[in-house]
Every structure is written in structure tokens, then in C-alpha cells.
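Written out below as C-alpha cells is the structure these notes cover.
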Amino acid sequence: KRDNGTIEVIEAYRVQHSQHKSPCKGGIRFSEEVNQDEVMALASLMTYKCAIVNVPFGGGKGGIKINPRNYSVYELEKITRRYTSELVKKNFIGPGIDVPAPDYGTGEREMAWIVDTYASLKPGEIDAAGCVTGKPVTQGGVRGRKEATGLGVFFGIREVCNMQDVMAKLGLSTGIEGKRVVVQGLGNVGYHSAKFFREAGAKVIGLAEYEGAIMNPDGLNEEEVFQHRKKTGSILNFPGATNLAKNSDALEMECDILIPAALENVINGENAPRVKAKIIGEAANGPC
């Protein structure tokens, strides 16, 4: 029931791709692009992701087909809590069954609603807080979880940049310092990726969000851009930066490292030939 009294039916999914290890693990996204095929594909990626880094989880994924920008906080809370109670009813969530996490369009707030709903429906379950990860620290979350994905992207690329043979082949110097980085997406993952690269001495010369993209060859400060976006509602017209005609232009900028940190399929058969980056650091799920 919307705040204005109208009734809306919302489509939502949870997919468990593989239970070869329990629990299943994977995020929940709030996006208008959500459909069964997408969630199934992302769940299978989670299986491989966990297996490759040898963590004992199966792959899962969830999604609610909404644009969170079109809903009030109270409406989002009702949607999230109802989603959780449906998962509990079907035995699709639990510390030993399936453990969701934040993804595109969700964060600590949504995870807090999930854990609260789960715990209230499972009175006395001693490890109820383990039904979801990415909670606020105050609600039993883990310190360092918020920046973990962006930091992992940074570490992965840092290791590649220290491989002399790979760098020689690409015609680049070793190390992160002085490298030109473009980040697509200024959500949790993109923001922290940009932050760690900037702090390590790289120059973040381009940032893209859904409303547009900006560039500055001298480098951008992700926190200043974030605050500008908070104030104006857009990353565009950031002082000292040039606006790009469309947000996808950022993917084709002249740079050393490109970090797609938004949605899947952003680099595809159509635009791949125009991508000039020497290294692509996949921070999103399946961006290529």
C-alpha cells in the first residue's frame, strides 16, 4: 500500500543456483531491470565466484523489480520487510540456508530491515543475525564490510599492476601511482574503488553515474563529487570538471584502468572496440 493509499503489486525473486555448499550467498538488488533471467544469471555467477576464492557457500541472488528512487523510505521498508517474510515462509533465508547481502540499489539500511523482520519471525533463534550480511555495525554488522568490495577491486588490480611482464606487454609502468582511472558508478563499490585508487596515487580522471559523466585530466576527488551530487542531485557540473555528452562515453575515455562498478553488460559487442583502457577491473557483476 503506497503512502497515497493506492495498492501496488511488486515482483520479486530469490534464486538459489547451487546448494553444493550451504548456505547460498548473494546480494539483493532493487532495480527496474530485475527479471527472473537476470537473477538466475547473477545467482550462477555467485556459485563460481565463491568456488574460485574457495569460500564454502553456494550461489544465490535476489531482486525486487522497483526503482527505489520512486518510493519513500517507509514504502521501501514495507517492501523489504514483506519480501523477507515471504522468504522466511518459503524457507529461502536463514544462516544455514541462504544469506543475502547488499547489491545494486540496497545497503546497510535494507539489511537492517531484513534482519529485524527475520529475527521477529524466528523468536529464540540464537544465530538469527547471521541471516544476512552487510548490516550496520550497530545491528551486528562487521567493521570493514562496507568498503570490502571496493577495496578488493583495488587489491586485485594493484597485484596485476605489480606484474612486470603484464605491464611491459601493456606498455605501462609497474605500480598504481600515476595511472589514469575511470570509474563507472558512484555507489558503494565505485565510491570506495575510486577512494583507494586516489589514496594510492592514481588519478581518477573520469566518473560516471546514471544521470551523466564528468572528467578532469588532473583527477577528481570522489568525496567532493559525492557531496556535490548529494547537494545538486547530479554529478554533472562539478566545479573544475567537464561534462560528457552521455554517461556511457566514460567507458570509452582514454585511460589506463577502467572500473565498471554499476550493472552487468555495460561493455558489450557494440562498444568494446571503442574501449581504450589497458586494464578493466570488473567491480560490478558481469559488466563485460
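Computation of the quantities below employed the complete heavy-atom set of this structure, encompassing side-chain atoms and omitting hydrogens, waters and symmetry-equivalent molecules. Computed from a predicted structure; not experimentally measured.
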Using modelled atom types only, decide if a donor and an acceptor are shared between the side chain of [X] and the backbone of [Y] within a distance under 3.5 Å.
X: K278; Y: G171; answer: no
X: K276; Y: E252; answer: yes
X: K122; Y: G94; answer: no
X: E75; Y: D3; answer: yes
X: T117; Y: W113; answer: yes
X: Y191; Y: E147; answer: no
X: N247; Y: Y210; answer: yes
X: N221; Y: E224; answer: yes
X: K179; Y: G175; answer: yes
X: K25; Y: P100; answer: yes

Check whether [X] and [Y] end up in the same hydrophobic cluster, where Ile, Leu, Val, Met, Phe, Trp and Tyr are linked by side-chain heavy atoms less than 4.5 Å apart.
X: Y48; Y: V15; value: no
X: L251; Y: V153; value: no
X: I205; Y: L186; value: no
X: M253; Y: F197; value: no
X: M46; Y: I97; value: no

Looking at [X], I'd like to know if its [atom1] atom is crowded, meaning that more than 12 non-hydrogen atoms belonging to other residues, nucleotides or ligands lie closer than 6.0 Å.
X: K65; atom1: NZ; value: yes
X: R274; atom1: CZ; value: yes
X: E177; atom1: CD; value: no
X: E86; atom1: CD; value: yes

Supply the atom-to-atom distance [X] [atom1] to [Y] [atom2], rounded to the nearest 0.5 angstrom.
X: I235; Y: L207; atom1: CD1; atom2: CG; result: 6.0 Å
X: F92; Y: Y13; atom1: CZ; atom2: OH; result: 13.5 Å
X: D249; Y: M215; atom1: CG; atom2: CE; result: 11.0 Å
X: L263; Y: E38; atom1: CG; atom2: CD; result: 7.0 Å
X: K61; Y: D98; atom1: NZ; atom2: CG; result: 11.5 Å
X: F226; Y: K231; atom1: CZ; atom2: NZ; result: 13.0 Å

Report the C-alpha distance between C131 and V88 in whole Å, list the side-chain angles of each, state the deciding distance to 0.1 Å, and finish with yes or no for side-chain contact (heavy atoms from CB on, under 4.5 Å). CA-CA 10 Å; C131 74; V88 169; over 6 Å; no
Starting from the C-alpha separation in whole Å, work towards a yes-or-no answer on salt bridge (Lys or Arg N to Asp or Glu O under 4.0 Å) for E211 and R229. CA-CA 10 Å; E211 71 271 358; R229 187 174 192 230; 2.9 Å; yes
Side chains of Y71 and E8: any donor to acceptor distance under 3.5 Å? yes
Will you find, in the side chains of E125 and Y118, an N or O donor that is under 3.5 Å from an N or O acceptor?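 Yes, Y118 and E125 have a side-chain donor paired with an acceptor closer than 3.5 Å.
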Taking the side chain as every heavy atom from C-beta outward, state whether [X] and [Y] have any atom pair closer than 4.5 Å.
X: C24; Y: Q19; answer: yes
X: I28; Y: R14; answer: yes
X: N285; Y: D103; answer: yes
X: I259; Y: I157; answer: yes
X: I93; Y: I114; answer: yes
X: F30; Y: T80; answer: yes
X: F57; Y: P23; answer: yes
X: N237; Y: T232; answer: no

Of the non-hydrogen atoms in [X] and [Y], which two are nearest, and what is the gap between them?
X: V189; Y: A283; result: CG1-CB, 3.7 Å
X: L258; Y: A250; result: CD1-O, 4.3 Å
X: G185; Y: A262; result: CA-CB, 4.4 Å
X: V266; Y: P260; result: CG2-CB, 3.9 Å
X: M167; Y: I279; result: CE-CD1, 3.7 Å
X: H192; Y: G150; result: CB-CA, 4.1 Å

Step-by-step side-chain contact (heavy atoms from CB on, under 4.5 Å) determination, N271 to S248: CA-CA 9 Å; N271 67 357; S248 55; 5.6 Å; no
Out of T174, L172, V160, which one pairs with V166 under the side chain to side chain contact (heavy atoms under 4.5 Å, CB included) rule? V160
Is the shortest side-chain N to carboxylate O distance from E264 to R29 below 4.0 Å?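 Between R29 and E264 there is a salt bridge, with a charged N closer than 4.0 Å to a carboxylate O.
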Could you please spell out the steps behind the side-chain contact (heavy atoms from CB on, under 4.5 Å) verdict for L42 and H17? CA-CA 9 Å; L42 293 166; H17 171 258; over 6 Å; no
Assess the residue pair E222 and K195 against the criterion (salt bridge (Lys or Arg N to Asp or Glu O under 4.0 Å)); give the C-alpha distance rounded to whole Å, side-chain angles, the decisive distance to 0.1 Å, and a yes or no. CA-CA 6 Å; E222 74 296 325; K195 173 178 186 282; over 6 Å; no
With sequence neighbours excluded, give me every ring pair (Phe, Tyr, Trp, His ring centres under 6.0 Å) pair touching residues 228-275. H228-F238
Candidate pair L76 and R109, rule side-chain contact (heavy atoms from CB on, under 4.5 Å), full reasoning: CA-CA 10 Å; L76 289 172; R109 179 184 68 179; 3.5 Å; yes
